[in-house]
Undergrad: 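Below is the structure I would like to discuss, written out as structure tokens.
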Amino acid sequence: MEYVTLHNGVRMPQLGFGVYQTPPEETQRCVSDALEIGYRHIDTAQAYNNEEGVGAAVKTSGIDRQDIFLTSKVWFYKEGYTAARASIDESLKRLDTDYIDLMLVHQPFGDYYSTYRALEEAYEAGKLRAIGVSNFYPDRLVDLCEFTHITPMVNQVETHVFFQQQEARPFMDQLGIIHESWGPFAEGINDFFTNPTLSGIAEKYGKTVAQVALRYLIERGVVVIPKSTHKERMAENFNVFDFQLSDADKETIALLDTHHSVFLDHRTGETAQRFAGFAR
Ligand code: NAP
């Protein structure tokens, strides 16, 4: 396993396991499978409705809690700060743990400054080992850093070969914020797993498209958290530390960047309206 070091010194495994869209009743089994394969970093969120399954898998794994890196994310609430603060304690209960390794502000919507303040306080109280944000593009990321007390340690944003965040990354680097990818396979959109460029490169290394896609991000210093409900795919996605892409292949993959989201643009009025609807 390779690690990144956050600006407060906490070490984070560069490869983790995501559980978005993993049904609550399947989550414990999936996370147990992932831990058995060797994953030691799990990414969940209040909004995924499956923190209990993650907590149960960690508890029954027999692995020391300190050897597992747990991330969750605070949703945005109409009540702002008070609700955000209470929700951190609820996540701790659902995850059945005394501390969470990394807690993120899930979306740059609603009163996210208050949400972030609740995270800062929980961090200072020792309930969270690190704090950060998700889906923050440079405008909001820079502004948050200018007007809060603790610089976020991580920014988790949509990142895959079709949307590489080449414009946003310099801002994260300047601020000392680790770039974490969500959707490293673009959830399979655009025939991801049969992309001819990636397939050609994968064949040369005796690897799969999924492995090349993850390796490319890892070599750019990005943290990746692929999701799968299939144990053989979890194992495939974990097996990415025994090869290195050549500079020429990385240059070829860099050209797949379309510079925009395959899902939704967090900076449009339509997206803000859609998210405001979730909070109502
Ligand atoms: P993803 O990891 O890009 O793709 C998951 C999809 O790929 C699933 O349909 C999975 O199918 C399939 N898959 C996985 N490994 C495969 C392989 N080796 N070969 C073929 N198919 C494979 O998508 P994601 O779940 O959206 O992103 C990963 C994690 O990022 C999430 O689980 C979540 O933790 C996080 N996330 C965060 C946000 C945010 O707003 N912060 C948003 C989205 C996601 P099966 O499950 O059927 O195997």
Side-chain angles (χ1 to χ4, degrees), residues 6 12-13 15-28 30-31 34-35 39-58 68-80 83-97 99-112 114-116 118-119 122-123 127-136 140 144 152-160 177-187 223-229 261 263-264 266 271 274-279:
L6 311 183
M12 177 182 191
L15 172 71
F17 180 70
V19 294
Y20 176 47
Q21 292 173 328
T22 302
E25 63 281 8
E26 273 197 72
T27 303
Q28 182 175 352
C30 288
V31 175
L35 291 171
Y39 288 86
R40 291 293 180 270
H41 165 187
I42 311 294
D43 182 274
T44 182
Q46 293 171 352
Y48 302 169
N49 195 27
N50 58 17
E51 288 176 312
E52 283 99 340
V54 172
V58 170
I68 297 178
F69 191 99
L70 276 185
T71 299
S72 192
K73 313 180 193 82
V74 176
W75 195 237
F76 57 99
Y77 301 97
K78 254 173 76 179
E79 301 78 7
R85 192 175 62 170
S87 83
I88 295 171
D89 290 332
E90 285 155 18
S91 279
L92 286 165
K93 258 192 227 138
R94 283 191 295 265
L95 286 162
D96 197 5
T97 181
Y99 66 90
I100 294 168
D101 295 276
L102 173 65
M103 192 62 132
L104 306 176
V105 175
H106 201 151
Q107 299 288 350
F109 296 118
D111 185 2
Y112 58 85
S114 293
T115 306
Y116 193 75
L119 260 63
Y123 172 71
K127 296 176 184 179
L128 311 175
R129 289 181 69 227
I131 59 175
V133 294
S134 178
N135 298 306
F136 276 56
R140 302 213 175 194
L144 186 81
M153 286 130 207
V154 172
N155 185 22
Q156 185 184 111
V157 280
E158 177 187 343
T159 310
H160 42 76
I177 297 171
I178 294 290
H179 178 182
E180 181 173 23
S181 145
W182 66 253
F185 306 140
E187 294 181 9
V223 173
V224 291
I225 45 168
K227 171 260 178 188
S228 179
T229 53
S261 169
F263 300 103
L264 80 173
H266 274 79
T271 302
R274 188 170 150 200
F275 276 91
F278 295 145

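All of these numbers come straight from a predicted model, not from anything done at the bench. For reference, positions follow the sequence shown, starting with 1.
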Undergrad: Could you work out, with side chain to side chain donor-acceptor pair (under 3.5 Å) as the rule, every residue matching Asn155, not counting sequence neighbours?
TA: none
Undergrad: Identify, with sequence neighbours excluded, every residue that meets side chain to side chain donor-acceptor pair (under 3.5 Å) alongside Ser261.
TA: Glu158
Undergrad: Side-chain contact, heavy-atom cut-off 4.5 Å: Val223 with Val154?
TA: no
Undergrad: Indicate the atoms forming the closest heavy-atom contact of Leu128 with Leu119, along with that distance.
TA: CD1-O, 3.7 Å
Undergrad: What heavy-atom pair brings Pro108 and Arg140 nearest, and what distance separates the two atoms?
TA: O-NH1, 2.7 Å
Undergrad: State, with a plain yes or no, whether a side-chain heavy atom of Ser72 is found less than 4.5 Å away from one of Ile88.
TA: no
Undergrad: Run the side-chain contact (heavy atoms from CB on, under 4.5 Å) check on Thr71 and Ile100 step by step: do they pass?
TA: CA-CA 6 Å; Thr71 299; Ile100 294 168; 5.9 Å; no
Undergrad: Run the numbers on Asp111 and Phe76 for side-chain contact (heavy atoms from CB on, under 4.5 Å), then give the verdict.
TA: CA-CA 7 Å; Asp111 185 2; Phe76 57 99; over 6 Å; no
Undergrad: Working to the nearest 0.5 Å, report the span between CD1 of Ile178 and CE of Met153.
TA: 11.5 Å
Undergrad: Minimum heavy-atom separation for Ala83 and Tyr77, please, with both atom names.
TA: CB-CB, 3.6 Å
Undergrad: Might you point out which heavy atoms bring Val74 and Thr115 nearest each other, and give the distance in Å?
TA: CG1-CG2, 3.7 Å
Undergrad: Is there a donor-acceptor pair closer than 3.5 Å between any side-chain N or O of Thr27 and the backbone N or O of Pro23?
TA: yes
Undergrad: Report yes if some heavy atom in the side chain of Leu95 is under 4.5 Å from a heavy atom in the side chain of Val58; otherwise report no.
TA: no
Undergrad: With a 3.5 Å distance limit and no angle check, can you tell me whether His41 reaches the backbone of Pro13 through a side-chain donor-acceptor pair?
TA: yes
Undergrad: Tell me the closest heavy-atom pair linking Cys30 and Phe17, and the distance in Å.
TA: O-CE2, 3.9 Å
Undergrad: Would Phe278 and Phe109 count as a close aromatic pair, with their ring centres under 6.0 Å?
TA: no
Undergrad: According to side chain to side chain contact (heavy atoms under 4.5 Å, CB included), who are the partners of Asp101, at least two apart in sequence or on a separate chain?
TA: Arg65, Phe69, Leu70, Tyr99, Arg129
Undergrad: Flag the pair Glu180 / Met12 as yes when at least one side-chain heavy-atom distance between them is below 4.5 Å, and no otherwise.
TA: yes
Undergrad: For a side-chain hydrogen bond (donor to acceptor under 3.5 Å, both in side chains) check, start with the C-alpha distance between Thr229 and Glu26, then their side-chain angles and the critical distance, and finish with the verdict.
TA: CA-CA 8 Å; Thr229 53; Glu26 273 197 72; 4.9 Å; no
Undergrad: For Lys73, run the side chain to side chain contact (heavy atoms under 4.5 Å, CB included) check against Gln107, Met103, Gln156 and tell me which one passes.
TA: Gln156
Undergrad: To check you understand the geometry: which heavy-atom pair defines the closest contact between Trp182 and Ser134, and what is its length?
TA: CD1-OG, 4.4 Å
Undergrad: How are the rings of Phe263 and His160 set to each other: parallel, tilted or perpendicular (split at 30° and 60°)?
TA: perpendicular
Undergrad: Indicate yes or no: at least one non-hydrogen side-chain atom of Leu35 is less than 4.5 angstrom from one of Ile68.
TA: yes
Undergrad: Quick check against the 3.5 Å criterion: does Asn50 have a side-chain atom that pairs as donor or acceptor with the backbone of Thr22?
TA: yes
Undergrad: Going by salt bridge (Lys or Arg N to Asp or Glu O under 4.0 Å), name the residues that satisfy it together with Arg85, two or more places apart in sequence or in a different chain.
TA: none
Undergrad: Could you check whether the rings of Tyr112 and Phe136 sit parallel, tilted or perpendicular, using 30° and 60° as the cut-offs?
TA: perpendicular
Undergrad: For Thr44 and Glu51, what are the C-alpha separation, side-chain angles and deciding distance, and is it a side-chain hydrogen bond (donor to acceptor under 3.5 Å, both in side chains)?
TA: CA-CA 6 Å; Thr44 182; Glu51 288 176 312; 5.3 Å; no
Undergrad: If you measure from CG on Leu102 to OH on Tyr123, what distance do you get to the nearest 0.5 Å?
TA: 11.0 Å
Undergrad: Quick one: list whatever passes side chain to side chain donor-acceptor pair (under 3.5 Å) with Lys227, sequence neighbours left out.
TA: none
Undergrad: Kindly indicate whether the side chain of Ile225, heavy atoms from C-beta on, has any atom under 4.5 Å from the side chain of Tyr20.
TA: no
Undergrad: Is there side-chain contact between Phe275 and Leu264, with at least one heavy-atom pair below 4.5 Å?
TA: yes
Undergrad: Can you name the residues that form a salt bridge (Lys or Arg N to Asp or Glu O under 4.0 Å) with Glu52, not counting sequence neighbours?
TA: none
Undergrad: I need the Glu90 CD to Ser87 OG distance, nearest 0.5 Å.
TA: 6.5 Å
Undergrad: Does the Thr159 side chain pair with the main chain of Ser181, one donor and one acceptor, at a distance under 3.5 Å?
TA: no
